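Structure, as structure tokens:
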Amino acid sequence: MPTTTEAAPHIVRDSEGIAWVDDTNVKVVEIALDHLAYGWSAEAIHEQFPHLNLAQIHAALAFFYDHIAEFEGEMLRREKEAASWKTELGESSLQRRIRQLKSSK
């Protein structure tokens with residue numbers, strides 16, 4: 001990871017401004033997405049990321065809520081980028097085969 005600066009306890013930002021949980025390869029946005037998408041509590045997130053301690057997870061969630069507008073913008077950008085890739089790449093051969101199997105029933 002590039003040079004980092006401490007953004008908050010347990011949170012660092014890299015040279016591109018991306019927030020990471022300190023001493024890990026986990027982005028704050030990844031924890032936030034799991035929290036939002038699945039409704040996971042800090043304890044549930046800890047089950048999925050056992051190498052993170054609860055203090056790191058709570059710090060990531062607090063950092064997310066303190067900077068929610070920034071993260072919502074990043075999430076929207078990622079969603080648009082994924083939609084663009086999907087359009088650009090088109091239907092995969094597996095998707096096409098599944099669609100054909102469904103239509104033949």
Side-chain angles (χ1 to χ4, degrees):
M1 189 170 0
T3 306
T4 59
T5 56
E6 186 172 357
H10 299 291
I11 306 299
V12 295
R13 284 195 187 259
D14 66 16
S15 59
E16 295 177 14
I18 297 170
W20 297 81
V21 177
D22 64 353
D23 301 324
T24 72
N25 64 346
V26 179
K27 295 177 186 177
V28 169
V29 71
E30 294 169 354
I31 293 173
L33 285 170
D34 286 344
H35 172 66
L36 296 174
Y38 305 115
W40 288 348
S41 65
E43 290 76 15
I45 293 169
H46 180 60
E47 290 178 17
Q48 301 302 315
F49 296 91
H51 62 286
L52 299 178
N53 63 50
L54 284 173
Q56 290 171 313
I57 295 166
H58 282 288
L61 292 173
F63 191 82
F64 164 72
Y65 282 111
D66 283 346
H67 301 89
I68 195 161
E70 172 189 340
F71 282 102
E72 285 177 341
E74 173 64 14
M75 290 174 192
L76 183 60
R77 186 195 64 74
R78 285 176 174 218
E79 187 177 319
K80 286 179 181 178
E81 185 177 52
S84 172
W85 288 341
K86 187 175 180 179
T87 301
E88 190 177 306
L89 295 172
E91 185 178 56
S92 73
S93 58
L94 176 60
Q95 290 170 319
R96 190 172 27 264
R97 188 163 180 222
I98 290 171
R99 183 178 41 77
Q100 290 169 346
L101 288 172
K102 285 183 177 179
S103 66
S104 67
K105 288 185 178 183

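Model, not experiment: these values are computed from the prediction. Heavy-atom basis, side chains included; hydrogens, waters and symmetry copies ignored.
Here the closest non-hydrogen pair linking Ala19 and Ile11 is CB-CG2, 4.1 Å. The nearest pair of heavy atoms linking Val21 to Ala60 is CG2-CB, 4.2 Å. When all heavy atoms of Ala59 and Pro9 are compared, the pair lying nearest together is CB-O, 3.4 Å. Among all heavy-atom pairs drawn from Gln95 and Gly90, the shortest one is OE1-O, 4.2 Å. The nearest pair of heavy atoms linking Glu47 to Pro50 is O-CD, 3.7 Å.
Counting non-hydrogen atoms of other residues, nucleotides and ligands closer than 6.0 Å to CZ of Arg97 gives a total of 12 or fewer.
Going from atom OG of Ser41 over to atom NE2 of His58 covers 8.0 Å, rounded to the nearest 0.5 Å. With rounding to the nearest 0.5 Å, the separation of CD in Glu74 from CD in Glu79 is 12.0 Å. Note that the CG atom of Asp66 and the CG atom of Leu61 stand 11.0 Å from one another [nearest 0.5 Å]. Taken to the nearest 0.5 Å, the NE2 atom of His10 stands 10.5 Å off from the CG atom of Leu54. Distance check, rounded to the nearest 0.5 Å: CZ of Phe71 to CZ of Arg77 gives 12.5 Å. Here the CD1 atom belonging to Ile45 is positioned 9.0 Å from the CD atom belonging to Glu43, to the nearest 0.5 angstrom.
Phe63 and His67 have tilted rings, their planes meeting at an angle from 30° to 60° on a 0 to 90° scale.
Taking 4.5 Å as the limit, every side-chain heavy atom of Phe49 sits out of range of all side-chain heavy atoms of Thr24.
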Chi angles and distances behind the side-chain contact (heavy atoms from CB on, under 4.5 Å) call for Asp14, Trp20: CA-CA 8 Å; Asp14 66 16; Trp20 297 81; 3.0 Å; yes
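Under a 4.0 Å N-O distance rule, the pair Glu81/Arg78 does not qualify as a salt bridge.
In this structure a side-chain-to-backbone donor-acceptor pair under 3.5 Å is missing from Ser84 to Lys80. Side chain of His46 to backbone of Leu52: a donor-acceptor contact under 3.5 angstrom is found. A side-chain donor-acceptor contact under 3.5 Å links Gln56 to the backbone of Asn53.
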